[in-house]
Amino acid sequence: MNRRRFMTLTGSGLAMLGGGRAFAQQPQGRLRIDPTEFRPIPIAITNFVPGSPADGDVSNGVTQVITNNLKRSGLFAPIDQAAFIERISNIDVAPQFQNWKTLNAQALVTGRMTRQPDGRLKAEFRLWDVVTGQQLAGQQYFTSPEYWRRIAHIISDQIYEQMTGEKGYFDSRVVFVDETGPKERRVKRLAMMDQDGANVRYLTRGADLVLTPRFSPNSQEITYMEFGQGDPKVYLFNIETGQREIVGNFPGMTFAPRFSPDGQRVIMSLQQGGNSNLFVMDLRSRSTTRLTDTPAIDTSPSYSPDGTRICFESDRGGRSQIYVMAAGGGQAQRISFSKDDNNATYSTPVWSPRGDYIAFTRQGGGQFSIGVMKPDGSGERLLTSGYHNEGPTFSPNGRVLMFFRDPGGNGGPSLFSVDISGRNELKVPTPGFASDPAWSPLLSATAGQ
């Protein structure tokens, strides 16, 4: 989908009822919740009112997507509509708040979907503080009918931000490796979907093995590794045009590519003999700079959000551990030190978009764990453990991790998500087996780039 086309159709703020000021002028986030709290906030999400009978299906669809988004976040507890006392038929009339207080709702969402004469959809929503009776947000959007799910995700993000004080993550995509067929002849295709598992799109045909896909900062390109005829090579794939190109013809195998925060460079691991080192390529000049030079395996590099540092995986100390160094190379500092298992190894580090954590895979005691630690190595926390968990990737707001789990045997890998507090672990729906997820930035935040 062309985001430029989509976002030029979005609209403006919805005025407050009762002669109040537009929401954009109001203090943001009257209702604030701590994302680490274990008690989800009760919220009532009413069916969006259809502008005409023909708009009923899309109205119900938007309502359901918003409800599912907020519920899956683990921070909200949508109230069963069967308990509703009041039925909203006109969102321009203030609700009877006592009816919602009776249900213990702390917030109320109302909305309307109307088909315009030119064929576009007009989406409107209001977010109410049930306790004070104040409108916290009001917005309207115009878009083509086929983009109704994106509107639902954007509205979900608006609600999330007003209620938590932090950006949401619902209007985003996930690229992953789709796996089909028997284990000994597994076909692996590059695939992309919305963060909730909808709108799956296959980007490669599966003729060659694909690994480690990663989004560019503007979500329009993916870099990944493909193992076909000859050595593995790193490719760039343009989502909108479907065109792809080789990043560089390196002698030997290249692994684990990832974009720099400004999208102008790709950092990767290049194998030479029995060891591998980190290299960065400037995508404009195609010039390559070597960052490490050790008789070890350095791989899985990931930039800090400001682009000044890199975390990566290396066995230079004997076992695979996580190191941090300046983005231009130089001395690296080891940051992973298990307090309870001297034999534990660490891999697949990735820096949070917020800059506050580095996520990793830890192997030890027969378990694969997904965890986080601060960039200086302190505050390590394991979020989930199992037979084979691997490949964490952060949501755009840095509050949720997605990873894949392979139970072994005749089964295959599946995608899961977990909050950085270690709770609310959920399976992510995919058409079949899936591995190597990578979360995009927030699409609405990168529109126009």
Side-chain angles (χ1 to χ4, degrees), residues 33-38 73-75 160-161 164-169 172 174 195 214-215 217 256 258-261 267 299-314 320-327 332-340 344-364 368-386 389-405 415-426 428 436-442 445:
I33 60 176
D34 182 350
T36 62
E37 280 288 338
F38 283 87
S73 76
L75 299 182
Y160 185 102
E161 183 172 356
T164 69
E166 298 183 349
K167 291 286 187 182
Y169 59 89
S172 60
V174 174
Q195 55 78 29
R214 303 289 183 259
F215 275 104
R258 195 182 291 271
F259 283 96
S260 61
I267 190 170
T299 189
S300 299
S302 175
Y303 281 96
S304 61
D306 62 6
T308 62
R309 291 182 290 170
I310 295 167
C311 64
F312 63 99
E313 167 191 341
S314 177
S320 178
Q321 302 291 339
I322 298 173
Y323 292 78
V324 171
M325 71 176 182
Q333 176 185 0
R334 176 180 164 182
I335 64 169
S336 58
F337 296 91
S338 174
K339 294 180 180 180
D340 54 7
T345 60
Y346 294 76
S347 59
T348 66
V350 58
W351 221 303
S352 166
R354 300 166 60 94
D356 53 351
Y357 289 114
I358 291 173
F360 56 84
T361 302
R362 182 179 122 167
Q363 184 178 0
F368 286 80
S369 302
I370 302 296
V372 293
M373 66 175 69
K374 294 181 181 178
D376 62 1
S378 65
E380 177 180 327
R381 288 185 289 112
L382 300 183
L383 308 180
T384 184
S385 297
N389 299 317
E390 196 174 352
T393 178
F394 278 100
S395 63
N397 66 354
R399 287 303 181 190
V400 180
L401 281 171
M402 194 176 293
F403 61 96
F404 71 95
R405 173 178 295 152
L415 304 188
F416 289 81
S417 64
V418 64
D419 190 276
I420 60 169
S421 67
R423 62 188 181 87
N424 196 39
E425 184 176 308
L426 299 169
V428 180
D436 262 341
W439 220 315
S440 78
L442 200 62

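The analysis underlying the following values was restricted to heavy atoms, covering all of them including side chains, and did not include hydrogens, waters or symmetry mates. As the structure is a computational prediction, the values presented were derived from the model and not from experiment.
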Tell me the closest heavy-atom pair linking [X] and [Y], and the distance in Å.
X	Y	value
S260	P217	O-CG, 3.3 Å
F403	E390	CB-O, 3.5 Å
P437	F404	CD-CD2, 3.8 Å
T361	I370	OG1-CD1, 3.8 Å
I322	C311	CG2-CB, 4.5 Å
F215	P441	CB-CD, 4.3 Å

Checklist entry - Is it the case that R354 places NZ or CZ above or below the six-membered ring of Y357, under 6.0 angstrom from the centre and within 45 degrees of the axis? => result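 Relative to the ring axis of Y357, which defines the angle, R354 lies outside at least one limit.
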Strictly distance-based, threshold 3.5 Å: is any side-chain N or O of [X] a donor or acceptor partner for the main-chain N or O of [Y]?
X	Y	result
S378	K374	no
E313	T348	yes
E166	R399	no
N397	K167	yes
S302	V350	no
S352	I358	no
N389	F368	yes
R381	I420	yes
R334	S336	yes

Side chains of [X] and [Y], heavy atoms from C-beta outward: is any pair under 4.5 Å?
X	Y	value
M402	F416	no
V418	N424	no
Y169	V400	yes
L75	T164	yes
Y323	Q333	no

Checklist entry - Excluding sequence neighbours, so at least two apart, what forms salt bridge (charged side-chain N to carboxylate O under 4.0 Å, His left out) with R214? => result none
Next on the checklist: As a quick check of understanding, evaluate ring pair (Phe, Tyr, Trp, His ring centres under 6.0 Å) for F394 and W351, giving each step before the final call.
Outcome noted: CA-CA 8 Å; F394 278 100; W351 221 303; over 10 Å; no
Checklist entry - Is it the case that S320 and T345 place a side-chain donor and acceptor less than 3.5 Å from each other? => result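 Per modelled atom types, S320 and T345 side chains form no pair under 3.5 Å.
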Next on the checklist: Looking only at side-chain N and O atoms, does S172 offer a donor or acceptor that is under 3.5 Å from a partner on Q195?
Outcome noted: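 No pair is found: no donor N or O on one side chain lies under 3.5 Å from an acceptor on the other.
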Next on the checklist: I'd like to know whether L383 forms a side-chain contact (heavy atoms from CB on, under 4.5 Å) with L401, so could you lay out the CA-CA distance, the side-chain angles of the two residues, the decisive distance to 0.1 Å, and finally the verdict.
Outcome noted: CA-CA 9 Å; L383 308 180; L401 281 171; 3.5 Å; yes
Item to check | S314 side, atom OG; Q321 side, atom CD - distance, nearest 0.5 Å | outcome: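 Output value for this atom pair is 9.5 Å.
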Checklist entry - How many angstroms lie between atom CZ of R258 and atom CZ of F312, to the nearest 0.5 angstrom? => result 14.0 Å
Item to check | Short N-O contact, R362 and D340, less than 4.0 angstrom | outcome: yes
Checklist entry - For Y346 and M373, what are the C-alpha separation, side-chain angles and deciding distance, and is it a side-chain contact (heavy atoms from CB on, under 4.5 Å)? => result CA-CA 11 Å; Y346 294 76; M373 66 175 69; 4.0 Å; yes
